[in-house]
Structures are given as structure tokens and as C-alpha cells.
Amino acid sequence: MFILCCGPDSYRAIARAKELELGFKQKYDPEGHSVERLSSGKEGVEEIISKAAGASLFSPRRFLRVDGIVSSCPKSKQHALLEALSRDADSLIVVSVEEVKPPVSTLKLFESLPKILVQEYLFLTDRAFLEWAKTIVKTLGNVDENDALVLAKSCSGDSWRFINELTKLSAGAPINVDSVFADANVFQLADQIVQGQNQRRFTVDSMELRYQELAGLHQQFVNVLRVRDRDFAGLSPFVINKLQSQKFLYAEASLLAIVKMLLLQRAGYCTEEESKALIP
């Protein structure tokens, strides 16, 4: 069986892959002898093709955990990969986490597999994010739910930041909501950027574009594209009505710029101030 966990909310996609691995161990292989973590990307493709032909000495089933094999698989290896995943669909479970959902043309190739499950994890918004946060709090068990919900509201859909701050909270640190994403400047700047307004330059210069502000902008641009494409699931009526009434000219370019800024800041290739130059 091939299970694909994908989507922009990488925390939930990775968490789901971990749940599947844990479930496999509990049901079939408590010692974990038949669970393997392979290389990512092209190397992972080669390893799956090689390992699918073998059998486990410890368990009638095997679990292989990889990352990005669909998006990174060369066309010349697609047929061999599909054959490997089809060889023993009942006893071989392969779970891959992909940063983005593969295009329809690619997924059609994998739909020919005997058993395939695609689970997409989009960014949660508003009530859906709060409900998800409640489930995380129950798992931890030592965090005040009211404090956690205040924290969740400040994170505005960023699951990674919520988990990081929640971990600090569970360890006894004070709740940190100083940088709330729902800051008026973030919404104002998002509108100015995607509409190409000249005053966006002045707004950018007057703001600190730290990770939390960039994540807020990222969420805004995702919402713009979703409303434009009539993907309203999980969005509040207020957000839908607001975005439907406006014309956005640079939504894709804006989203791409913010993703670049996030990656460069995380990797340490530029400072927060230097990253402002990427604003379109």
C-alpha cells in the first residue's frame, strides 16, 4: 500500500506519517525490526525499487518511510517505482511525505497502484485550527486549555509555531502572544502587496518582517488564491466576502516571494531586514 501525505501544512503531514508508523508497530511489529527509514528524493526511489523485491525475516509486513519520492522521481524511473509499489501491496506499506501535492498528471500514474491513499494537509484557518489545537492540548495533558487556545489564535494557522510555543508553555514558560499574526499592519501590507499599491514600500520599511509576520502574510496570500479559485472550505464568511470584493493582481508572485523570504531567513542566508528586498 502506498500512502502519500502532502500539502503546505508540513507539520500535520509529518505528524500523520509518524502516526502511521506507530500504528504499524503496535499492530504488526512491536520491536520495529520491519520498519525502515529510507533516503529522500531520488535516492529514496532507488532504495524502494531495490528493497521491494526482498522480504522481511521478522514480520509478514514491512513499513518503509520516505520523503519526496513522487516529486523527485525521474521519468525514467517511474515505471520501475510503480512496479515496486505494486509488487506486494498487502504486505508492503510505503509512506511518503511530499511538500506539495503532486500535479494531476503525476497522480494519474500512481492511481494505477492496487492500493493508494492520498492525504492532503492544507493550512487550517479559524475554527478548524482551534479544533485541531484542542486535540494537541489533550495529547499533552499538562497545559491549560484556555492558555493554549489564546496561543492558537495568535498563531493564525501556523502549526509549526503553535507546536513550538505550546512546547515552551508545557515546560512552564509564560504564554507568548506578543507577536500576534492578526495585526492590522499584516493585513494592510498583504492587501497593498497583492494589489501592487505604491505605499507598500513605506509600510514594509516601517515594519519588522520577522518569521511570524511573514507567516501571517503567507497565510493571507494563500487565502487570496483560495478565494480566487473558489476553494472556500474552512474560510470564514468575513474573509471570503472581503477577498471576493477586491481585485488582486500579484497573488502568485506575492506568495512565491514570501516563501523565498521564509526559506532564506530559516536557512540563515539573509537577515530580516535584507529579506525585505524580495517584496514584489
Side-chain angles (χ1 to χ4, degrees), residues 1-73 77-78 80-102 106-107 109-111 113-124 128-129 131-143 158-164 166-167 170:
M1 183 176 188
F2 181 51
I3 303 175
L4 189 62
C5 302
C6 57
D9 195 338
S10 57
Y11 176 83
R12 292 194 300 126
I14 293 173
R16 178 55 179 160
K18 290 181 178 178
E19 289 177 6
L20 292 168
E21 181 177 333
L22 179 60
F24 177 86
K25 289 179 179 178
Q26 292 175 338
K27 189 173 183 179
Y28 301 110
D29 186 22
E31 299 298 325
H33 294 306
S34 298
V35 174
E36 294 185 69
R37 291 179 175 243
L38 309 183
S39 303
S40 302
K42 295 179 181 179
E43 293 181 0
V45 172
E46 295 287 354
E47 291 179 20
I48 287 178
I49 293 172
S50 173
K51 291 180 177 293
S56 173
L57 299 176
F58 307 99
S59 172
R61 294 174 183 263
R62 289 183 296 156
F63 186 100
L64 304 182
R65 171 73 172 84
V66 292
D67 288 317
I69 62 167
V70 175
S71 56
S72 302
C73 181
K77 295 291 183 178
Q78 283 181 344
L81 177 61
L82 290 172
E83 278 194 340
L85 295 174
S86 303
R87 187 167 290 123
D88 198 356
D90 290 324
S91 62
L92 177 64
I93 301 174
V94 178
V95 176
S96 178
V97 174
E98 308 280 332
E99 291 184 3
V100 296
K101 185 177 181 180
T106 302
L107 282 179
L109 297 174
F110 286 83
E111 286 175 356
L113 294 174
K115 293 183 179 180
I116 179 173
L117 180 62
V118 179
Q119 300 179 333
E120 185 177 13
Y121 294 90
L122 302 173
F123 288 113
L124 297 175
F129 186 75
E131 291 300 320
W132 171 79
K134 289 180 182 179
T135 64
I136 301 299
V137 173
K138 290 178 181 178
T139 301
L140 287 178
N142 62 333
V143 178
D158 186 340
S159 54
W160 279 107
R161 181 173 183 265
F162 174 72
I163 291 298
N164 289 337
L166 189 65
T167 302
S170 67

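Computation of the quantities below employed the complete heavy-atom set of this structure, encompassing side-chain atoms and omitting hydrogens, waters and symmetry-equivalent molecules.
- The local environment of CD in Glu19 is crowded, with over 12 non-hydrogen atoms from other residues, nucleotides or ligands closer than 6.0 Å.
- The side-chain heavy atoms of Glu98 and Ile69, taken from C-beta on, include a pair separated by under 4.5 Å.
- Classification of Glu21 and Lys18 as a salt-bridged pair fails, no side-chain N sitting under 4.0 Å from a carboxylate O.
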- Run the salt bridge (Lys or Arg N to Asp or Glu O under 4.0 Å) check on Lys25 and Glu31 step by step: do they pass? CA-CA 7 Å; Lys25 289 179 179 178; Glu31 299 298 325; over 6 Å; no
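- For the atom pair CZ of Arg12 and CD1 of Ile136, the computed distance is 9.5 Å after rounding to the nearest 0.5 Å.
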- Item | Full working for side-chain contact (heavy atoms from CB on, under 4.5 Å) between Leu122 and Asp9 | CA-CA 5 Å; Leu122 302 173; Asp9 195 338; over 6 Å; no
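- Salt bridge Lys115/Asp90: present, at least one basic N to carboxylate O contact under 4.0 Å.
- Residue Leu124 comes nearest to Trp132 through the heavy atom pair CD1-CB, 3.5 Å, listed as atom of the first residue, atom of the second, then distance.
- Closest non-hydrogen pair, Ile93 versus Ile3, comes out as CG2-CD1, 4.4 Å.
- Every residue meeting the ring-ring contact (aromatic ring centres under 6.0 Å, His included) condition with Phe110, not counting sequence neighbours, appears here in chain and number order: Phe2.
- A distance of 6.5 Å separates CZ in Arg62 from OG in Ser91, rounded to the nearest 0.5 Å.
- Met1 CE to Ser86 OG: the interatomic distance, rounded to the nearest 0.5 Å, is 13.0 Å.
- When side chains are defined from C-beta on, Val35 counts as touching Asp29, because their heavy atoms get closer than 4.5 Å.
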- Task: Could you check Leu117 against Leu4 for side-chain contact (heavy atoms from CB on, under 4.5 Å), going step by step and ending with a plain yes or no?
- Result: CA-CA 6 Å; Leu117 180 62; Leu4 189 62; over 6 Å; no
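- A donor atom on one side chain and an acceptor atom on the other are not found under 3.5 Å apart for Thr167 and Asn164.
- Between Val95 and Leu64 there is no side-chain heavy-atom pair separated by less than 4.5 Å.
- One distance of note links CD1 of Ile116 with CD of Glu111; it measures 7.0 Å at 0.5 Å rounding.
- For the atom pair Phe63 CZ and Glu36 CD, the distance stands at 11.5 Å (nearest 0.5 Å).
- The shortest non-hydrogen separation linking Ile49 to Arg87 is O-NH1, 4.4 Å.
- Between Arg61 and Lys27, every side-chain heavy-atom pair lies at or beyond the 4.5 Å cut-off.
- What you find for Pro8 and Phe123 is that their closest heavy atoms are CB-CE1, 3.3 Å.
- With salt bridges taken as basic N to acidic carboxylate O contacts below 4.0 Å, one links Glu120 and Lys101.
- Here the CG-CG distance, from Leu82 to Leu109, works out to 6.5 Å after rounding to the nearest 0.5 Å.
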- What do the steps show when you test Ser39 against Val66 for side-chain contact (heavy atoms from CB on, under 4.5 Å), and what is the final call? CA-CA 6 Å; Ser39 303; Val66 292; over 6 Å; no
- Task: Applying salt bridge (Lys or Arg N to Asp or Glu O under 4.0 Å), run through Arg65 and Asp67 and close with a yes or a no.
- Result: CA-CA 7 Å; Arg65 171 73 172 84; Asp67 288 317; 2.7 Å; yes
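- For the pair Ser96 and Gly68, the tightest heavy-atom approach, listed with the atom from each and the gap, is OG-N, 3.4 Å.
- Between Tyr121 and Arg16, the closest heavy-atom pair is OH-CG, 2.9 Å.
- Looking only at side-chain heavy atoms (C-beta outward), Cys5 and Ile14 stay at 4.5 Å or farther from each other.
- In this structure, Tyr11 and Trp160 have perpendicular ring planes: the angle between them is above 60°, well past the 30° mark.
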